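No hydrogens, no waters, no symmetry mates; every other heavy atom, side chains included, goes into these values. Given the structure is predicted, the values throughout are model-derived calculations rather than measurements.
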Amino acid sequence: QVQLVESGGGSVQAGGSLRLSCLASGYSPSTNCMGWFRQAPGNEREGVATINNNNWGSTRYADSVKGRFTISKDNDKNTIFLQMNSLKPEDTAMYYCATWRGTFCFLSSSTRATIWGQGTQVNVSS
């Protein structure tokens with residue numbers, strides 16, 4: 001019944017910015033972890049950023065995006081965001097929003113995620 005609705009994907013040139021949004025509609029998920037994952041064709045799905053609603057909103061970032069991406073949330077609006085700055089061609093991927101139950105909301109939690117969005121495509125050209 002609950003679903004994650006994503007928006008904000010698109011095509012930009014290297015160095016540009018995008019802001020992804022993920023709205024949890026229907027009943028709010030009882031899970032405490034939310035995060036963004038991405039998958040490029042032929043590649044494994046990888047964790048990009050996570051946020052823990054049960055630990056003061058603590059966040060984790062993949063080394064490849066640290067300093068460029070920022071994950072945040074708006075509890076009142078039941079939404080999380082991914083601000084993506086200084087985009088690189090290697091950031092090109094399908095980006096997915098997901099939620100799950102966890103203690104530390106590790107980036108390697110893709111197999112634990114129980115609810116996924118449909119994904120939004122991000123294309124970064126050089």
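Once rounded to the nearest 0.5 Å, the distance linking CD of Q83 with CZ of R68 reads 12.0 Å. The line from OH of Y95 to CG of L18 is 9.0 Å long, rounded to the nearest 0.5 Å. Between the CD atom of Q3 and the OG atom of S25 there is a distance of 4.0 Å, given to the nearest 0.5 Å. We find the CD-CG distance between E90 and N43 to be 11.5 Å, quoted to the nearest 0.5 Å. Put simply, CD on Q118 and CG on L4 are 9.5 Å apart, with the number rounded to the nearest 0.5 Å. Between the OG1 atom in T79 and the CG atom in L20 there is a gap of 13.0 Å [rounded to 0.5 Å].
Transitive grouping of hydrophobic side chains (ILVMFWY, heavy atoms separated by less than 4.5 Å) keeps M94 and I80 in distinct clusters. One hydrophobic cluster, built from ILVMFWY side chains closer than 4.5 Å, holds both Y61 and M34. Hydrophobic clustering, with ILVMFWY side chains joined whenever heavy atoms are under 4.5 angstrom apart, keeps I51 apart from L23. By the criterion of side-chain heavy atoms lying less than 4.5 angstrom apart, applied directly or through intervening Ile, Leu, Val, Met, Phe, Trp or Tyr residues, M84 is grouped together with V124 in one hydrophobic cluster.
Judged by distance alone, with hydrogens and angles left aside, the side-chain atoms of N55 form no donor-acceptor pair with the main-chain N or O of S58 at under 3.5 Å. In this structure a side-chain-to-backbone donor-acceptor pair under 3.5 Å is missing from S21 to F81.
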Mind running side chain to side chain contact (heavy atoms under 4.5 Å, CB included) on N78 and K73 for me, showing each step along the way? CA-CA 8 Å; N78 215 16; K73 62 184 175 70; over 6 Å; no

Decide yes or no on side chain to side chain contact (heavy atoms under 4.5 Å, CB included) for L87 and F69, but give the supporting numbers first. CA-CA 9 Å; L87 284 163; F69 292 8; 3.8 Å; yes

### Message
Working note: N32 + N52, criterion side chain to side chain contact (heavy atoms under 4.5 Å, CB included); need CA distance, chi angles, decisive distance, verdict.
### Response
CA-CA 6 Å; N32 61 292; N52 190 349; 3.0 Å; yes

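Under the 3.5 Å distance criterion, with hydrogens and angles disregarded, a donor-acceptor pair is assigned to the side chains of N85 and S17.
Residues S126 and P89 come closest through the heavy atom pair CB-CG, 4.0 Å.
Taking the ring centre of Y96 as origin, the terminal cationic atom of R38 falls outside the region bounded by 6.0 Å and 45° from the ring axis. The cationic atom of R45 (NZ for Lys, CZ for Arg) lies less than 6.0 Å from the six-membered ring centre of W116 and within 45° of the ring axis.
The shortest side-chain heavy-atom distance between R19 and L82 does not fall under the 4.5 Å cut-off.
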Would you mind writing out the side-chain donor-acceptor pairs for residues 6-13 within the sub-3.5 Å range, not counting sequence neighbours?
unit_1: E6; atom_1: OE1; unit_2: G119; atom_2: N; d: 3.0
unit_1: E6; atom_1: OE1; unit_2: T120; atom_2: N; d: 3.2
unit_1: E6; atom_1: OE2; unit_2: C97; atom_2: N; d: 2.5

Enumerate donor-acceptor pairs with a distance under 3.5 Å from any side-chain N or O in residues 100-111 to protein atoms, sequence neighbours excluded.
unit_1: S109; atom_1: OG; unit_2: F106; atom_2: N; d: 3.4
unit_1: S109; atom_1: OG; unit_2: F106; atom_2: O; d: 2.6

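The number of heavy-atom neighbours closer than 6.0 Å to CG of N75, taken from other residues, nucleotides and ligands shown, is above 12.
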